[in-house]
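Every heavy atom of this structure was used, including side-chain atoms; hydrogens, water molecules and symmetry mates were not. Numbering of residues begins at 1 and proceeds along the displayed sequence.
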Amino acid sequence: MIIVGITGASGVIYGKRICEELVRHGHEVALVVTEHAKVVICQELKVKSYEKNKIFSEEISEKIKYFSISDMSASIASGSFKTSGMVIAPCSINSLGAMAAGICNNLLLRAAQVTLKERRPLIIVPRESPLGMIQLRNLLTLSEAGAIIVPPSPAFYNDPETVDDIINFTVSRVLNLLGVENNIIKSWGENF
């Protein structure tokens with residue numbers, strides 16, 4: 001099982017696409033969505049209200065295990081529950097700061113702390129620009145603790161033609177870091 005967290009930063013499409021690709025590649029997904037993320041999901045994905053069946057196709061949705069942000073007794077809140085890692089995409093600066101400070105007052109933050117302490121991959125896709133000194137220090141703190149920081153920085157060597165092509169670059173990089181083989185994009189040097 002791979003945990004995916006979606007926070008209230010712009011770029012919720014990254015979390016959505018990562019969930020879809022993980023399911024397509026046969027992985028179980030545990031999804032935690034913050035309350036602010038639900039607002040951004042409605043705005044950016046053009047849905048009237050947050051409901052899982054409006055975000056994912058039925059085929060994808062039925063393969064995702066949904067957790068409430070307030071469910072601190074959830075399996076993913078414990079280190080004894082084995083997971084293959086966690087991705088937070090997008091990661092808001094608020095969640096980033098809380099994680100760097102070791103705060104665990106909701107399930108997303110607790111699952112992230114558990115992932116770090118158990119030395120499992122924690123991939124953070126921060127969505128903020130520009131980054132100030134406080135945010136850079138928080139990113140450094142998390143990196144020193146073992147997190148992998150993956151800013152959604154597109155590459156243009158693969159000649160993206162659509163917004164989806166640009167999004168897929170980051171999605172592919174995250175999957176690669178989780179050890180999930182994929183062919184969403186061409187690798188550098190491949191048929192260029």
Side-chain angles (χ1 to χ4, degrees), residues 1-34 37 40-41 44-45 55-57 60 63-64 76 83-93 95-97 99-100 108 111-112 114-116 118-131 135-192:
M1 178 173 283
I2 296 172
I3 305 165
V4 177
I6 300 177
T7 72
S10 182
V12 295
I13 190 66
Y14 290 107
K16 177 183 187 284
R17 291 283 297 119
I18 289 165
C19 286
E20 290 169 343
E21 289 301 323
L22 286 171
V23 168
R24 284 190 185 112
H25 285 84
H27 293 272
E28 291 182 82
V29 174
L31 180 61
V32 182
V33 178
T34 68
V40 179
I41 285 169
E44 292 186 354
L45 300 183
I55 297 165
F56 300 105
S57 70
I60 298 290
K63 294 179 182 172
I64 295 174
I76 61 173
T83 68
S84 299
M86 181 174 183
V87 179
I88 303 173
C91 183
S92 68
I93 295 307
S95 294
L96 179 78
M99 284 185 291
L108 181 130
V114 166
T115 301
L116 284 175
E118 297 294 328
R119 305 286 195 258
R120 298 173 186 148
L122 173 62
I123 300 169
I124 298 172
V125 182
R127 247 298 303 132
E128 186 67 57
S129 183
L131 294 168
Q135 292 80 39
L136 291 168
R137 283 188 177 137
N138 287 339
L139 287 167
L140 178 60
T141 296
L142 288 167
S143 180
E144 289 172 339
I148 302 167
I149 312 302
V150 183
S153 304
F156 295 94
Y157 59 77
N158 56 355
D159 298 320
E161 296 177 7
T162 66
V163 173
D164 281 344
D165 291 341
I166 292 170
I167 291 163
N168 285 340
F169 180 80
T170 298
V171 171
S172 179
R173 297 289 290 141
V174 167
L175 294 178
N176 288 339
L177 289 165
L178 289 168
V180 177
E181 295 292 323
N182 68 87
N183 59 358
I184 299 171
I185 62 160
K186 292 181 202 172
S187 298
W188 172 253
E190 183 182 305
N191 300 321
F192 288 108

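Of all heavy-atom pairs between Pro151 and Ile149, the closest is CD-O, 3.5 Å. Here the closest heavy-atom approach between residue Ile166 and residue Pro154 is recorded as CG2-CB, 3.4 Å. What you find for Ser153 and Thr170 is that their closest heavy atoms are N-OG1, 4.0 Å. Taking both residues in full, the closest heavy atoms of Ala9 and Ser92 are given as CB-CA, 3.8 Å, listed atom of the first, atom of the second, then distance. Between Cys91 and Met99, the shortest heavy-atom contact is SG-CE, 3.6 Å. Asn138 approaches Ala100 most closely through the heavy-atom pair OD1-CB, 3.5 Å.
Note: Met86 CE to Ile2 CD1 = 12.0 Å, rounded to the nearest 0.5 Å. Here CG of Leu142 is found 5.5 Å from CG of Leu96. Values are rounded to the nearest 0.5 Å. Leu31 contributes atom CG, which lies 6.0 Å from atom CD1 of Ile64 (distance to the nearest 0.5 angstrom). Atom CG of Asn182 and atom OG of Ser172 lie 3.5 Å apart (nearest 0.5 Å). We find the CG-CE distance between Leu22 and Met1 to be 11.5 Å, quoted to the nearest 0.5 Å. We find the CG-OG1 distance between Leu108 and Thr7 to be 7.0 Å, quoted to the nearest 0.5 Å.
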Practice task
Report the C-alpha distance between Ile55 and Lys16 in whole Å, list the side-chain angles of each, state the deciding distance to 0.1 Å, and finish with yes or no for side-chain contact (heavy atoms from CB on, under 4.5 Å).
Solution key: CA-CA 8 Å; Ile55 297 165; Lys16 177 183 187 284; 4.1 Å; yes

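For Arg173, the CZ atom counts as loosely surrounded, since its 6.0 Å shell holds 12 or fewer non-hydrogen atoms of other residues, nucleotides or ligands.
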